[in-house]
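What you see is a predicted model, and the numbers here were worked out from it, not measured in a lab.
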Amino acid sequence: MRNNDPMRMMNEFFQSRPKRTLLDSIDDAFRKTASKAGFSVDVKETSEHFNILAELPGVPKEDINVEIRGDDVVIEVKEQGHQDRSIGGVQSVSLPHYVLRRNMKASYKHGLLKIQLDKKKPKKIEIE
């Protein structure tokens, strides 16, 4: 077999695939939609920040836990019984490589949890 054998190259590609792929991201989106957590999580980005928003109406701040675990932000909410549905469970959001894992800020007002992380600044390359 030669090194340029297409079947061998394809086999090597599938055996040494990257840690996270586009398909993994799509799978994560469907898992979040189908998760048992009774609250929605949304991600919004600006040029400087990566923002995670969770709708938690009626949940006391003391019943919310937010932490970074590896490459994920994990939101844990103690089960809350409300009129027509329950709110609680665990949701996680995968952080892209360009998001800094320090200086995380979280605020909770009027049932909306906002988690803000800074994005890495792009490095400008001088042209000679």
> Can you name the side-chain contact (heavy atoms from CB on, under 4.5 Å) partners of Glu62, sequence neighbours left out?
Replying inline: Pro60
>> Would you say Val43 ends up clustered with Val99 if hydrophobic residues are merged whenever their side chains have heavy atoms under 4.5 Å apart, either directly or through other cluster members?
In response: yes
> Nearest heavy-atom pair of Pro57 and Ile87: which atoms, and what distance?
Replying inline: O-CD1, 3.4 Å
> Roughly how far, to the nearest 0.5 Å, is CZ of Arg69 from CD of Glu76?
Replying inline: 4.5 Å
> Can any side-chain N or O of Tyr108 pair as donor or acceptor with the backbone N or O of Leu56 at less than 3.5 Å?
Replying inline: yes
> So how far is it from Met104 CE to Gln116 CD, rounded to the nearest 0.5 Å?
Replying inline: 11.5 Å
>> Between Lys120 and His97 (side chain of the first, backbone of the second, donor and acceptor by atom type, cut-off under 3.5 Å), is there such a pair?
In response: yes
>> Which residue in the set Leu113, Val77, Val74 passes side chain to side chain contact (heavy atoms under 4.5 Å, CB included) when paired with Val66?
In response: Leu113
> Does the side chain of Asn65 reach to within under 4.5 Å of the side chain of Lys78, using non-hydrogen atoms?
Replying inline: no
> Is the shortest distance from a Lys or Arg side-chain nitrogen in Arg102 or Asp118 to a carboxylate oxygen in the other one below 4.0 Å?
Replying inline: no
> Do you reckon Leu95 sits in the same ILVMFWY cluster as Tyr98, going by side-chain contacts under 4.5 Å, direct or chained?
Replying inline: yes
> How far apart are the closest heavy atoms of Ser94 and Phe50, and which atoms are they?
Replying inline: O-CZ, 4.3 Å
> Are Leu100 and Ile115 joined in one hydrophobic group, where the rule is that I, L, V, M, F, W and Y side chains link up if heavy atoms are under 4.5 Å apart?
Replying inline: no
> To the nearest 0.5 Å, what is the distance between NZ (Lys105) and NZ (Lys114)?
Replying inline: 10.0 Å
>> What's the separation between atom CD1 in Ile52 and atom NZ in Lys44, rounded to the nearest 0.5 Å?
In response: 13.0 Å
> Can you tell me if Gln91 uses its side chain to pair, donor with acceptor, with the backbone of Phe39 under 3.5 Å?
Replying inline: yes
> Which distance, rounded to the nearest 0.5 Å, do you find between the CG of Leu112 and the CG of Leu53?
Replying inline: 5.5 Å
> What closest approach, in Å, do Ile75 and Val41 show between heavy atoms, and which atom pair accounts for it?
Replying inline: CD1-CG2, 4.4 Å
